[in-house]
Amino acid sequence: MKTVSFFGEGVTEALHLIVTGDPVVFTIALRSIYVSGIATLLASLWSIPVGVHLGLGGFRGVNFLRNLFSSLIGMPTVVLGLIMYLLLTPKGPLGPLNLIYTPLGISLAQSLLITPIIITFTASSIESVENDIRELAITLGASKFKSAITVLKEGINGVILSIVSGFNRAIAELGLALIIGGNIMVENSGLNTRVLTTAINMYTVRGEFNIAIALGIILLLIVLIINALTNTFRREKL
């Protein structure tokens, strides 16, 4: 009974923090959305064209590249975090950019993490488009670029799913955010890299379960709301 009571009190306090709009909780949540949103945008800029190209195929080595990106989906985040840290640290090759322990640094690292996801899902979506549509576009005299755009429109639902999957992976990631961001929050300064996952980890260790639960609830709500909106949009496109 004590365990149930303890859990119930934690949830009750967490809901109170959310309902009353606790500034600490919502500042961390908004920063997480911003950081992972930038990461998803960056990854989409280069991943979607690559995914479309792989999905269309017709060139040597396409199967090798698809298998490579599929394998990279399972890359341990701590390994990628270590690589990015060595690149971004002041003594590293990208040190002059001053991205270590910054929100943008986290975004860059997350964008690399989700790149294989968006590429793989986009390629699969493009590949699933019927060959008749591809051949029709070519027959009508469309250039390779216009043909690719036509196929992309047909497979847009899968592409949207790849973007959403990438965002969900980014915002729920802990290792990269902790290594590159450092979970730093300095009052009245621009040095703030605390996001939902790193904050949940910190408050859990501290024993401040009400805040940890509140942040966990918000994280789940963000993912559920985005998925619900995406599914609604995809149904309307069918």
Side-chain angles (χ1 to χ4, degrees), residues 10-11 13-46 75-118 166-223 225-226:
V11 172
E13 293 177 9
L15 292 175
H16 176 73
L17 289 174
I18 295 174
V19 172
T20 57
D22 183 80
V24 173
V25 170
F26 280 91
T27 297
I28 294 172
L30 290 174
R31 185 178 301 110
S32 295
I33 295 173
Y34 171 78
V35 167
S36 297
I38 294 297
T40 306
L41 176 61
L42 290 174
S44 298
L45 289 176
W46 58 65
M75 172 180 280
T77 56
V78 290
V79 174
L80 179 58
L82 173 61
I83 294 172
M84 291 301 299
Y85 182 86
L86 294 176
L87 290 174
L88 297 177
T89 192
K91 294 183 179 180
L94 300 181
L97 297 178
N98 295 319
L99 292 177
I100 195 69
Y101 302 135
T102 65
L104 185 56
I106 302 175
S107 294
L108 178 60
Q110 288 184 350
S111 70
L112 296 180
L113 174 69
I114 65 177
T115 287
I117 297 175
I118 299 179
F167 176 83
N168 289 343
R169 180 71 180 90
I171 199 169
E173 194 284 321
L174 171 62
L176 279 178
L178 197 56
I179 294 174
I180 304 302
N183 192 40
I184 300 169
M185 179 176 284
V186 180
E187 297 293 338
N188 301 320
S189 76
L191 188 58
N192 293 297
T193 61
R194 187 167 297 167
V195 293
L196 283 169
T197 51
T198 60
I200 290 172
N201 177 72
M202 181 192 70
Y203 286 119
T204 300
V205 173
R206 286 184 179 179
E208 299 180 46
F209 299 113
N210 57 335
I211 301 180
I213 294 173
L215 294 173
I217 292 173
I218 290 176
L219 178 57
L220 289 175
L221 286 176
I222 291 172
V223 173
I225 291 172
I226 290 177

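The analysis underlying the following values was restricted to heavy atoms, covering all of them including side chains, and did not include hydrogens, waters or symmetry mates.
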Would you say that [X] contacts [Y] through its side chain, given a criterion of any heavy-atom pair below 4.5 Å between the two side chains?
X	Y	value
Ile213	Leu17	no
Phe26	Ile18	yes
Met185	Ile28	yes

Q: Please name all residues satisfying side-chain contact (heavy atoms from CB on, under 4.5 Å) with Thr204, sequence neighbours left out, ordered by chain then number.
A: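 Scan of Thr204 (side-chain contact (heavy atoms from CB on, under 4.5 Å), adjacent residues dropped) gives Ile200, Phe209, Ala212.
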Q. Mind checking what makes side-chain contact (heavy atoms from CB on, under 4.5 Å) contact with Glu13, not counting sequence neighbours?
A.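 For Glu13 the side-chain contact (heavy atoms from CB on, under 4.5 Å) partners, ignoring immediate neighbours, are Asn210.
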How many angstroms lie between atom [atom1] of [X] and atom [atom2] of [Y], to the nearest 0.5 angstrom?
X	Y	atom1	atom2	answer
Asp22	Leu215	CG	CG	9.0 Å
Met202	Glu208	CE	CD	7.0 Å
Thr27	Asn192	OG1	CG	8.5 Å
Ile222	Ile217	CD1	CD1	12.0 Å

Contacts under 3.5 angstrom, residues 171-184 side chains, donor-acceptor by atom type, not counting sequence neighbours:
from, atom 1, to, atom 2, distance (Å)
Glu173, OE1, Leu176, N, 3.1
Glu173, OE1, Ala177, N, 3.1
Glu173, OE2, Gly175, N, 2.6
Glu173, OE2, Leu176, N, 2.5
Asn183, OD1, Arg194, NE, 3.1
Asn183, OD1, Thr198, OG1, 2.9

Looking at every heavy atom in both [X] and [Y], which two are closest together, and how far apart are they?
X	Y	value
Ala39	Ser107	CB-O, 3.2 Å
Ile117	Gly166	CG2-N, 4.3 Å
Ile118	Ser44	CD1-OG, 3.8 Å
Ala214	Ala14	N-CB, 3.4 Å

Which side-chain N or O atoms in residues 82-101 pair as donor and acceptor under 3.5 Å with protein atoms at least two apart or in another chain?
none

Q: Could you list the residues that satisfy side-chain hydrogen bond (donor to acceptor under 3.5 Å, both in side chains) with Thr197, not counting sequence neighbours?
A: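 By the side-chain hydrogen bond (donor to acceptor under 3.5 Å, both in side chains) rule, Thr197 matches no residue at all.
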Q) side-chain hydrogen bond (donor to acceptor under 3.5 Å, both in side chains) with Thr115: which residues, sequence neighbours excluded? A)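 For Thr115, the residues satisfying side-chain hydrogen bond (donor to acceptor under 3.5 Å, both in side chains) (neighbours in sequence not counted) are Trp46.
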Q. Does any N or O in the side chain of Ser111 come within less than 3.5 Å of the main-chain N or O of Leu42, such that one atom is a donor and the other an acceptor?
A.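 A pair under 3.5 Å: no.
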